[in-house]
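Written below as structure tokens is the structure these notes are about.
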Amino acid sequence: MRIQKIIYWVATALLCALMLYSASFYFLETDTVKGLFESYNYPTYIVIPLAIAKVLGVVMILWRRNAWLTSWAYAGFFFDIVLAFFAHQQAGKDTTTTLIALIFLLISFFFGKTVRA
């Protein structure tokens, strides 16, 4: 059980670090991100709300007091990562980071179900 808890916390910490890095990039380099969103044919008005949602998702995943909201945070991250994967793939960009994020997300989610954090 102890090794499962370690795996859970490592995957969760890495997932949260990736999401916070992404959100900080959205906040600090908004014009650059808007340019990327335009190149992917995504609307640019969702950049800041998406960054706020990522920060709130990290808070909910680390807080874990409300199972319903935690599940929604995982679902939101899942959709964000999957859509990012396909956007990068269609643009001919590297998808390695999105695949790594998806692995961290899945490990965190499934180990979080078995381990009481």
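Nothing here was measured: the structure is a model prediction, and the numbers come from that model.
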Mark yes when over 12 heavy atoms from residues, nucleotides or ligands other than Y21 sit less than 6.0 Å from its OH; otherwise mark no.
-> no
Applying side-chain contact (heavy atoms from CB on, under 4.5 Å), name anything that partners L83, two or more places apart in sequence or on another chain.
-> Y42
Contact check, side chains of F37 and L50, non-hydrogen atoms, under 4.5 Å | yes
Under the side-chain contact (heavy atoms from CB on, under 4.5 Å) test, which residues partner L56, sequence neighbours left out?
-> I52
What distance do L105 atom CG and I61 atom CD1 have between them, rounded to the nearest 0.5 Å?
-> 6.5 Å
To the nearest 0.5 Å, atom CG of D80 lies from atom CE of M19 at 5.0 Å
Would a 4.5 Å heavy-atom cut-off, applied to side chains only, mark K54 and L20 as touching?
-> no
Which pairs count as ring pair (Phe, Tyr, Trp, His ring centres under 6.0 Å) when at least one residue sits in residues 75-95, sequence neighbours excluded?
-> Y40-H88
Over all atoms of both residues, closest heavy-atom pair of A73 and G57 = CB-O, 3.7 Å
Kindly indicate whether the side chain of V47, heavy atoms from C-beta on, has any atom under 4.5 Å from the side chain of E29.
-> no
Which distance, rounded to the nearest 0.5 Å, do you find between the CD1 of I100 and the CD1 of I81?
-> 11.5 Å
Closest non-hydrogen contact found for R64 with V115 is NH2-O, 3.9 Å
Indicate whether any N or O donor in one side chain lies under 3.5 Å from an N or O acceptor in the other, for T114 and Y8.
-> no
Where the side chain of S39 meets the backbone of L36, is there a donor-acceptor pair that is under 3.5 Å apart?
-> yes
With L18, which residues qualify under side-chain contact (heavy atoms from CB on, under 4.5 Å), at least two apart?
-> T97, A101, F104
Indicate if I3 and F111 have the same hydrophobic cluster label, given that clusters are the connected sets of ILVMFWY residues with side-chain heavy-atom separations under 4.5 angstrom.
-> yes
Looking only at heavy atoms, the pair that brings A11 and S108 closest together is CB-N, 4.0 Å
Spell out, yes or no, whether L14 and V59 are grouped together once hydrophobic residues are joined by side-chain heavy atoms under 4.5 Å, including indirect joins.
-> no
Cluster partners of M60, using ILVMFWY side-chain heavy atoms under 4.5 angstrom, listed by chain and number?
-> W63, W68, L69, W72
For A51 and A23 the tightest heavy-atom approach is O-CB, 3.7 Å
What pairs with P43 under side-chain contact (heavy atoms from CB on, under 4.5 Å), at least two apart in sequence or on another chain?
-> Y45, I46
